[in-house]
Amino acid sequence: MQKDRWHVIYEDRFREKIADGWSVLVLCAQDAERIRSSWVGQWQVFCVSPDRADRLIVVQKKNMDPKLILSAHGVTSFLMDLGITVAAVPMVKGETVEITHDGQVLVGHDPN
């Protein structure tokens with residue numbers, strides 16, 4: 001049985017790609033739910049090439065697991081750590097938000 005192969009990028013190399021003109025794509029993997037004053041769910045992060053031909057999933061270096069963020073606040077913090085000062089968070093499963101290197105925000109839906 002063949003395993004799915006992902007095109008991956010480590011978290012620590014992500015900032016370099018953004019400097020090279022790549023975009024950040026945030027995918028809502030599970031509907032967000034409000035718990036008290038916080039929004040929780042599951043979000044995955046991808047790096048998208050300027051021509052949109054390549055999409056790399058961000059993984060953790062220690063175990064190669066995809067980066068999974070569990071709160072809207074966590075998404076915002078992750079973006080700020082990358083130097084992205086505009087934050088938008090998709091809240092419904094399958095929705096995406098792409099933030100380009102020049103700060104444009106593109107809202108979409110994941111075809112998968």
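Side-chain atoms are counted along with the backbone in the values below, which use heavy atoms only and exclude waters and symmetry mates.
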Review point. Would you call F46 and V58 a side-chain contact if the rule is heavy atoms closer than 4.5 Å?
Key: no

Review point. Rounded to the nearest 0.5 Å, how far does CD of E16 lie from SG of C47?
Key: 10.5 Å

Review point. Between R55 and D110, is there a salt bridge with N-O shorter than 4.0 Å?
Key: yes

Point to revise | Test item: T96 and L25 side chains (from C-beta on) under 4.5 Å apart, heavy atoms | key: yes

Review point. So, do W39 and V89 sit near enough that their side-chain heavy atoms are less than 4.5 Å apart?
Key: no

Review point. With a 4.5 Å heavy-atom cut-off, do R52 and E98 have their side chains touching?
Key: yes

**Study point:** I57 side chain reached by I9 side chain, heavy atoms, under 4.5 Å
**Key:** no

Check your understanding: Can you find a heavy atom in the side chain of T100 that is under 4.5 Å from one in the side chain of L106?
Key -> yes

Point to revise | Sole candidate of V24, L56, D81 that passes side-chain contact (heavy atoms from CB on, under 4.5 Å) when paired with F14 | key: V24

Review point. Measuring from I18:CD1 to S23:OG, what's the distance to the nearest 0.5 Å?
Key: 8.5 Å

Check your understanding: Looking only at heavy atoms, which two atoms of P66 and Q44 are closest? And how far apart?
Key -> CB-NE2, 4.0 Å

Check your understanding: Are E11 and K67 close enough for a salt bridge, meaning some N to O gap below 4.0 Å?
Key -> yes

Check your understanding: Is V92 close to C28 at the side-chain level, that is, under 4.5 Å between some pair of heavy atoms?
Key -> no

